[in-house]
Amino acid sequence: MTKMINQNYIRIWETVKAIPKGKVASYGQIADLAGLPGRSRFAGTALANTPSDIKIPWYRVLRSSGQIAFPKGSEKALEQKTLLMDEGVEVNNLRVNLKHFGWQPTVDELLFKLKY
DNA sequence: TAAGTGACGATCG
DNA sequence: TCGATCGCCACTT
């Protein structure tokens with residue numbers, strides 16, 4: 001084998017899957033929980049390279065500011081906004097209030113995630 | 001090996 | 001709040 005870096009992608013994906021419905025998390029937070037602190041950019045790269053055969057709630061991941069990572073007007077941005085609002089998340093001008101909808105993992109949530 | 005790139009984050013004005 | 005800038009790290013060329 002030449003590279004094993006795929007393990008890191010998988011950790012990102014597994015963490016994203018742990019985000020509860022109706023909640024959102026930031027890229028940095030995901031990277032942190034996945035055991036890759038400071039790799040926020042890598043979290044984005046991992047989502048961008050998500051294979052089409054695995055399903056993850058990628059739309060629950062936002063910037064640390066609560067803003068959607070795509071440019072306003074882009075199809076991806078609109079799609080993400082729609083999916084979030086379907087789950088009851090308030091989205092104002094591509095922005096989410098992290099105070100209300102930000103995911104704050106509890107100990108048991110993390111334990112559940114880590115026992116796969 | 002070096003330079004370019006990116007679904008980011010923190011800071012500054 | 002917004003945009004520009006810099007720091008960041010792994011992948012690609």
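Only heavy atoms go into these numbers, but all of them, side chains included; no hydrogens, no water, no symmetry mates. In what follows, chains carry the letters A, B, and so on, assigned in the order in which the sequence lines appear, proteins first and then strands, with residues in each chain numbered from 1.
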Exercise. Select base, sugar-phosphate, or nothing to describe what Ser65(A) touches, counting heavy atoms under 4.0 Å on all strands.
Key: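 Result for Ser65(A) = nothing.
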Could you tell me which residues satisfy side chain to side chain contact (heavy atoms under 4.5 Å, CB included) with Leu78(A), sequence neighbours excluded, listed by chain and number?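 Checked Leu78(A) against side chain to side chain contact (heavy atoms under 4.5 Å, CB included); zero matches.
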Rounding to a whole Å, what distance do you find between [X]:[atom1] and [N]:[atom2]?
X: Lys72(A); N: dC2(C); atom1: NZ; atom2: C1'; value: 13 Å
X: Leu47(A); N: dC11(C); atom1: CG; atom2: P; value: 15 Å
X: Arg39(A); N: dG7(C); atom1: CZ; atom2: P; value: 18 Å
X: Arg63(A); N: dT1(C); atom1: CZ; atom2: P; value: 15 Å
X: Arg41(A); N: dT5(C); atom1: CZ; atom2: P; value: 15 Å

Sorted by position of nearest nucleotide on DNA chain C, 5' first, the leading residue of Thr45(A) and Ser40(A) is Ser40(A)
Side-chain atoms of Arg95(A) come closest, of dC2(C), dC9(C), dC8(C), to dC2(C)
With a 4.5 Å heavy-atom cut-off, do Pro105(A) and Gln29(A) have their side chains touching? yes
Exactly one of Leu36(A), Val61(A), Ile56(A) clears side-chain contact (heavy atoms from CB on, under 4.5 Å) with Ile12(A), and that residue is Leu36(A)
Do the rings of Trp58(A) and Phe70(A) sit parallel, tilted or perpendicular, given the 30° and 60° boundaries?
perpendicular
| field | Salt bridge present between Glu87(A) and Arg60(A) (N-O < 4.0 angstrom) | value | yes
Self-check item: Ion pair Arg11(A)/Glu14(A), N-O distance below 4.0 Å
Solution: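 Between Glu14(A) and Arg11(A) there is no salt bridge, as every charged N stays at least 4.0 Å from the carboxylate O atoms.
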Under a 4.0 Å heavy-atom criterion, DNA chain B is touched by chain A from dG6(B) to dA10(B)
